[in-house]
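Here is the structure we will look at.
Owing to the predicted nature of the structure, the values given are computational and were not obtained by experimental measurement. Convention: sequence-line order gives letters A, B, ...; per-chain numbering from 1.
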Amino acid sequence: MSDPDSVPTTAPASETSQYLTFALKDVTYALPVEAVKEIRGYTDVTPVPGAADYVLGVMNLRGQVIPVMDLRARFGIETKARDRFTVIVLIQLATRVVGAVVDAVADVLDIASDAIGPVPELGETIDQSYLAGMATIDDDVVLTLCVDAIVGSEGLADAASAA
Amino acid sequence: MPIDVSQFRGMFFEEARDYVAAFEQAVLQLEKDPSDKASVQEMFRAAHSLKGCSSTLGVNDVAAFTHVLENLLDHMRERSVAVSAELIELLLASSDMLGDLLQRAREGQEPPPGMEPLVHKLAAHVRVQDDAPAEVSHGEDQGTLRGDGRMALEIRCEPNLLTEGLDPLPLLRELYEVAEVESLEADVSRVPDLDALEPERCYLAWSGVVDLEDGPEAVREIFEFVEDTCHVTLAPIEAKAPAASSADETAEALIQKSAGLDRTAGEKATLRVATERIDEMINLVGELVIAQASLAQTAGGLEADEAIAESIERMGRRLRELQQCALSVRTIPLSTVFFRFPRLVRDLAAELGKQVQLEVVGGETELDKGVIEGLAGPLTHLVRNAMDHGLETPEAREAAGKPATGSIQLAARQEHGSVVIELSDDGRGLDTQRILEKARAAGLVGPNETVGSDRLHAMIFEPGFSTAASVSDVSGRGVGMDAARSAIEDLSGTLHVRSEPGRGTTVCVTLPLTLAILDGFALMVGRQTYVVPLLSVLEVVKPAREDFSTVLDRGELVSVRGDVMRLVRMRDVLGHPPALDDAEGLIVVVEVQGERFGLLVDDLEGQTNVVIKGLDESVKTSPAILGGSIQGDGSIAFILDLAGVVRVHLALRRTPALATPESESPSGI
């Protein structure tokens with residue numbers, strides 16, 4: 001990805017993947033649809049004593065106790081009150097499911113792999129390690145996310161110690 | 001399609017461990033009773049099975065070693081070999097070697113250097129016995145001979161057998177009934193080509209090897225009435241076996257036979273299933289129980305008609321039976337961990353120069369497999385400790401008017417919803433005076449504080465606490481006992497000590513029947529439900545305002561019927577805003593690591609069974625939280641780790657005390 005000019009020659013131009021896009025503050029983010037298990041309206045969660053501040057709590061998902069994190073808090077964006085658009089995106093990992101609270105889901109987009117470029121230095125905004133790439137769709141900037149970095153325990157340990 | 005044997009490897013190692021255990025047990029049995037031929041038979045069976053499956057799976061070192069071992073064992077059962085101490089040592093060394101080889105094979109390592117010498121020793125032992133004036137002559141015996149009534153059998157049929165109205169098949173069936181048929185093969189060489197074949201002629205013959213305990217007569221009788229059309233020859237295979245020893249041989253054959261029969265009778269059909277699958281099933285059943293509870297609650301709220309309520313109730317009863325049944329799948333007898341102790345005690349006694357008689361009771365008591373696996377370590381520590389510190393030397397015992405041989409008893413029994421394991425010795429008992437001195441020196445007890453003997457006894461489990469005058473290899477470093485306690489507590493169990501000077505010490509371990517489902521006690525802190533293990537809860541009281549007090553060096557205390565203990569404010573520990581009035585709450589008295597604590601909670605919900613769900617790794621929780629569980633109404637309760645609760649409590653107490661050292665003193669007494 002460090003050399004975007006070489007991408008069209010190596011990857012077939014027609015290779016597209018589907019992404020679920022959602023909003024946090026005024027930025028659109030995208031998750032690969034394979035990583036999305038389901039989307040549910042926001043329901044209250046049970047707070048966990050001693051958990052990191054971006055972990056809102058745990059919820060009962062058909063008999064499983066799964067964690068729910070506030071993605072705004074995770075990305076260091078100021079939190080906002082929940083409204084009727086607030087949803088929990090359930091992210092499916094290899095062996096577990098993690099819920100992420102976002103402002104609103106937007107769309108499912110087909111994004112060609114060659115349309116995704118590297119993430120430019122964004123300066124003050126969010127931790128770059130959560131971002132996989134950037135695409136421009138109809139003049140809108142979409143940031144694709146790196147699922148493992150968001151829910152991986154490594155990043156969490158850092159965040160917890162920093163908190 | 002090639003068969004993937006790798007999937008059997010895990011199973012093999014499981015099974016192999018059982019064989020090695022059975023082998024070792026038989027060796028110890030033989031040591032106790034050198035005339036016990038059944039134990040030799042048992043050893044042989046274990047080695048033989050191990051050899052069979054290890055060579056099938058290509059675990060060659062094990063196969064090669066068991067082969068040599070099997071030779072020796074075969075020798076032992078073929079003749080009356082004197083059971084020497086040396087032989088027992090050799091067999092025990094072989095048992096250890098097998099364990100080691102299996103471990104290494106599992107990890108893909110080379111066999112240990114000790115294997116070669118041991119193989120030579122085993123082989124040499126066979127030769128020594130060969131050279132010794134044996135009671136039985138052995139001619140060309142290469143250790144391959146089995147039972148002693150073995151005979152070569154040949155059956156040849158006249159072609160007119162079928163037209164005479166006879167059928168060879170029932171005859172052969174009868175043969176299987178009276179004799180142990182090692183092999184029997186049909187000889188089809190005389191069957192002509194199809195066009196020459198006459199369907200009414202019999203072209204078949206059979207040959208094989210049979211084992212006849214009752215002599216050849218039984219076989220002859222079968223074929224007696226077909227003498228003319230069926231020719232049966234029986235020839236002894238070991239032609240040179242002297243007639244003089246036949247009585248002995250028959251006796252041995254009978255022993256073998258009866259041992260074999262016992263085995264088949266005692267053996268039930270079993271199935272090895274991956275533990276994950278069982279756990280998944282137990283988990284689902286647990287969910288089902290909860291779903292039923294939730295259904296019952298909903299139906300109750302709807303004031304549904306009685307018939308519905310009744311069938312929901314009936315369903316609940318069945319579900320609980322199903323749950324019991326599912327849980328029992330995970331349980332295995334304690335003998336699977338107890339079996340190692342005879343050997344341990346034997347070896348340790350020799351090492352320490354003590355005489356010890358071990359009695360094991362209740363090995364059939366069943367417990368969750370996970371609990372049993374976690375028990376081996378702590379129990380070994382406790383047994384070592386009893387051997388080393390509990391029991392005196394033979395001289396000291398005699399001087400104290402006790403028998404020179406000390407005794408250790410390991411007894412298990414089921415009690416209500418838990419299993420109790422008691423380890424008692426008749427040794428010198430705990431020296432409470434010494435413990436008190438040590439505890440004072442370590443600052444565990446204030447210089448003028450008086451301490452009850454219960455608490456003093458519990459102190460032997462404090463980290464770094466050892467009253468042993470000398471540190472031995474076996475114990476005395478003070479690391480074992482606290483490790484043993486925390487291992488037991490990790491299994492949600494508790495530990496108690498009773499001791500009487502000069503009479504002995506008893507360590508009592510209480511364990512839950514299963515780890516998958518927690519027998520819990522639900523309580524409310526703030527608006528959240530938390531569950532603590534029922535085993536840890538001693539009592540619940542409603543405190544009066546005057547029961548609370550604060551002491552400078554011990555913090556806040558609460559008095560429960562005159563028993564003063566530390567107060568743990570659960571709202572603080574779990575991060576809930578403090579309550580307005582302490583006396584509005586309840587005190588749950590729990591025992592953590594031998595000390596009583598009074599937990600201040602808001603309310604009680606009572607006894608409950610919960611399925612423990614681990615929390616996701618991304619939820620870095622307080623050490624006070626062990627996991628979550630889903631309640632009947634779908635809400636989530638947290639399961640508390642009481643040792644963690646105490647840690648958080650102590651950490652909280654330290655921090656504000658440092659920040660405002662003055663503020664606490666005015667409230668002191």
According to side chain to side chain contact (heavy atoms under 4.5 Å, CB included), who are the partners of A:D83, at least two apart in sequence or on a separate chain?
A:K80, A:F85, A:T86

Of all residues at least two apart in sequence or in a different chain, which pass the side chain to side chain donor-acceptor pair (under 3.5 Å) check with B:R277?
none

Report the residues that fulfil side chain to side chain donor-acceptor pair (under 3.5 Å) with B:D602, sequence neighbours left out, ordered by chain and then residue number.
B:R571

Which bit of B:L574 comes within less than 4.5 Å of chain A, counting heavy atoms only: side chain, backbone, both or neither?
both

Contacting moiety of B:I636, where chain A heavy atoms sit under 4.5 Å:
both

Side chain to side chain, A:P49 and B:I625, heavy atoms closer than 4.5 Å:
yes

How about residues 526-538 of chain B versus chain A: which residues have heavy atoms under 4.5 Å apart?
B:Q528, B:Y530

Residue among A:I66, A:V65, A:V55 satisfying side-chain contact (heavy atoms from CB on, under 4.5 Å) with B:L615:
A:V65

Is it the side chain or the backbone of A:V48 that comes within 4.5 Å of chain B heavy atoms, both, or neither?
both

So for atom CD, which belongs to B:E280, do other residues, nucleotides or ligands contribute more than 12 heavy atoms lying within a distance under 6.0 Å?
no

